[in-house]
Undergrad: 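Following this message is one structure expressed as structure tokens.
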2 protein chains.
Amino acid sequence: MPKDVQPRPCSIADTLEVVGERWSLLAVRELFHGVHRFDGIARNTGASRDILAARLRKLEAAGVIRRKLYSEHPPRYEYHLTQAGRELGDVLLALAKWGDRHLNADDPPVRWHHSCGELLDPVVVCATCGRPAREGAHSPVGRGAR
Amino acid sequence: MPKDVQPRPCSIADTLEVVGERWSLLAVRELFHGVHRFDGIARNTGASRDILAARLRKLEAAGVIRRKLYSEHPPRYEYHLTQAGRELGDVLLALAKWGDRHLNADDPPVRWHHSCGELLDPVVVCATCGRPAREGAHSPVGRGAR
DNA sequence: CCAGTAGGTTGGAAAAAGCAACCCACTGCC
DNA sequence: GGCAGTGGGTTGCTTTTTCCAACCTACTGG
């Protein structure tokens, strides 16, 4: 960081410090797909094993995932999402929807069934009024608004 | 990529190829905040100028932003979001909400007013039934589901 | 004339990523 | 018993990125 700049305080930046490195969100994606073991995550993401090991350590330290021993001698672990990790699902849904619309419009690679019986089409809405969040957002407030 | 692996086809991965590098989403964030010029984006994100220039080129090539000439001699540009870029707002809202909850629970740095009059609390819901998207999602389908 | 603003580019150093190879402790399998 | 295979890494070395400071050009204002 150049010494004279003071970046905007921002939860987006803070979140990206935790999960914004390459492979981190793809590892989380695999946990949502039910792949809980190192080799499977490595295969399905394409991450090299050393980098993946580092990312899993960092996600664990950040409280996004938890290791569970499923074999002693030799110690073997499965990786599971914490509650905080599960809440990253909203980020993944937003990323997936954008890619489905703008990069894979002809053939979305993955869709999810929703409990209502339909294929899930995730939308971000205002919890108060239920209308689309983005179009109605205006006037930022707080120490990061300037 | 190790030669024998075939990563999961996935719009999340594809989207991250476009906007997943460091600083890219923060630059987009600044455009949402109404900061459209190079120096402002550099200051508010903390990105170094060479990297920021490269990121803006890439975002432009990907159709996320558009440059607008506002001065000839010397040529000077403002950066503006395209429609595709505006749709990344949902990703930013999801990232911001996660950070507000898990990293800045005591003092969220930025909130947005919503057109309904309340402070925006963005939630991701199923477009069909209106219920939370994440909890109800199950059974992935498509060539990326395995 | 001089400082400041705007939008970069260049050079060199430091950090991160990538990949193959190795390692250890098992579990079958013949 | 021997030998391959699986799971979960770590090590060593090379290639990419990133970072930062410094520089450059073309104006504008005082």
Side-chain angles (χ1 to χ4, degrees), chain A residues 1-7 13 16-28 30-31 33-62 65-80 146, chain B residues 1-8 13 16-28 30-31 33-62 65-80:
Chain A
M1 189 93 59
K3 58 192 81 175
D4 52 334
V5 301
Q6 187 84 358
L16 290 174
E17 284 293 309
V18 175
V19 298
E21 288 167 306
R22 202 171 173 199
W23 309 119
S24 292
L25 281 176
L26 296 187
V28 172
E30 287 307 308
L31 300 182
H33 276 281
V35 177
H36 296 286
R37 298 193 182 175
F38 189 90
D39 274 27
I41 298 170
R43 249 194 318 279
N44 289 343
T45 58
S48 52
R49 304 167 66 82
D50 53 350
I51 301 296
L52 180 60
R55 292 291 180 274
L56 292 172
R57 293 293 162 278
K58 180 167 177 181
L59 289 172
E60 188 187 11
I65 63 178
R66 200 171 42 234
R67 292 203 295 178
K68 285 187 185 162
L69 197 71
Y70 73 91
S71 144
E72 313 179 50
H73 296 306
R76 289 290 175 265
Y77 299 93
E78 289 186 329
Y79 297 91
H80 288 266
R146 43 190 185 187
Chain B
M1 188 97 58
K3 60 192 83 178
D4 53 334
V5 300
Q6 187 82 0
R8 184 196 298 280
L16 290 174
E17 285 293 308
V18 175
V19 298
E21 287 167 305
R22 204 174 172 198
W23 309 118
S24 292
L25 281 176
L26 296 187
V28 172
E30 288 307 308
L31 300 182
H33 275 280
V35 177
H36 296 286
R37 299 193 181 174
F38 189 90
D39 273 28
I41 298 171
R43 250 193 317 280
N44 288 343
T45 59
S48 52
R49 304 168 67 81
D50 54 349
I51 301 296
L52 180 59
R55 293 290 182 274
L56 291 172
R57 293 291 162 278
K58 180 167 177 179
L59 290 173
E60 188 187 10
I65 64 178
R66 201 170 42 232
R67 292 204 295 177
K68 286 187 185 164
L69 196 71
Y70 72 91
S71 145
E72 314 179 49
H73 297 306
R76 289 289 176 267
Y77 299 94
E78 289 187 330
Y79 297 92
H80 288 266

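Labels below follow one simple rule: chain letters A, B, ... track the order of the sequence lines, proteins then strands, and each chain is numbered from 1. Source: prediction; values computed, not measured.
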Undergrad: Would you say B/Y70 places a side-chain N or O within less than 4.0 Å of OP1 or OP2 belonging to D/dC27?
TA: no
Undergrad: Calculate, to the nearest 0.5 Å, the distance between atoms CD and NZ belonging to B/E78 and B/K68 respectively.
TA: 8.0 Å
Undergrad: From the set D/dG8, D/dC19, C/dA16, return the single nucleotide nearest to any side-chain atom of A/R55.
TA: C/dA16
Undergrad: Output all residues satisfying salt bridge (charged side-chain N to carboxylate O under 4.0 Å, His left out) with B/R76, sequence neighbours left out; order by chain, then residue number.
TA: none
Undergrad: Strictly under 3.5 Å: I want the nitrogen or oxygen pairs between protein and nucleotides 9-13 of chain D, one per line.
TA:
from	atom 1	to	atom 2	distance (Å)
D/dG9	OP1	A/R57	NH2	2.8
D/dG9	OP2	A/Y79	OH	2.3
D/dG9	N7	A/R49	NE	2.9
D/dG9	N7	A/R49	NH2	2.7

Undergrad: Between A/W23 and C/dG18, is there a contact of a side-chain N or O with OP1 or OP2 at under 4.0 Å?
TA: yes
Undergrad: Checking B/E17 now: which residues fulfil side chain to side chain contact (heavy atoms under 4.5 Å, CB included) with it, not counting sequence neighbours?
TA: A/R22
Undergrad: Please tabulate the protein-to-nucleotide N/O contacts below 3.5 Å involving nucleotides 23-29 of chain C, giving atom names and distances.
TA:
from	atom 1	to	atom 2	distance (Å)
C/dC26	OP1	A/H73	O	2.6

Undergrad: Quick one: B/I51 CD1 to C/dG7 C1', roughly how many Å, whole number?
TA: 16 Å
Undergrad: Separation of B/E78 atom CD from C/dT5 atom P, in whole Å?
TA: 18 Å
Undergrad: Verify, without hydrogens or angle tests, whether A/S24 (side chain) and A/A27 (backbone) share a donor-acceptor contact under 3.5 angstrom.
TA: no
Undergrad: With sequence neighbours excluded, tell me which residues meet salt bridge (charged side-chain N to carboxylate O under 4.0 Å, His left out) with A/R67.
TA: A/E60
Undergrad: Mind checking the CZ-CG spacing from A/R37 to A/L31? Nearest 0.5 Å is all I need.
TA: 13.0 Å
Undergrad: Without decimals, in angstroms, what is the distance between A/R43 CZ and D/dG8 C1'?
TA: 12 Å
Undergrad: Expected output check: what is the dot-bracket annotation of DNA chain C, where ( ) and [ ] are pairs inside the strand (brackets for crossing ones), | is paired with another strand, and pairs are Watson-Crick or G-U under 3.5 Å?
TA: ||||||||||||||||||||||||||||||
Undergrad: Report the residues that fulfil salt bridge (charged side-chain N to carboxylate O under 4.0 Å, His left out) with A/K58, sequence neighbours left out, ordered by chain and then residue number.
TA: A/E21
Undergrad: Please state how far atom CG in B/L16 lies from atom P in C/dA17, giving the value in whole angstrom units.
TA: 14 Å
Undergrad: I need the B/Y79 OH to B/L59 CG distance, nearest 0.5 Å.
TA: 10.5 Å
Undergrad: Are OP1 or OP2 of D/dT17 and a side-chain N or O of A/R22 less than 4.0 angstrom apart?
TA: no
Undergrad: Within this structure, what is the CG-to-P distance between A/L52 and C/dA16, rounded to whole angstrom?
TA: 17 Å
Undergrad: In sequence, state the C-alpha distance, the side-chain angles, and the governing distance for B/Y77 and B/L56, and then conclude on side chain to side chain contact (heavy atoms under 4.5 Å, CB included).
TA: CA-CA 11 Å; B/Y77 299 94; B/L56 291 172; over 6 Å; no
Undergrad: Rounded to whole Å, please give me the gap between CD in A/E21 and P in C/dA15.
TA: 15 Å
Undergrad: Taking salt bridge (charged side-chain N to carboxylate O under 4.0 Å, His left out) as the definition, give me every residue that meets it alongside B/R49, ordered by chain and number, with sequence neighbours left out.
TA: B/D39
Undergrad: Can you name the side chain to side chain contact (heavy atoms under 4.5 Å, CB included) partners of A/I51, sequence neighbours left out?
TA: A/W23, A/S48, A/R55
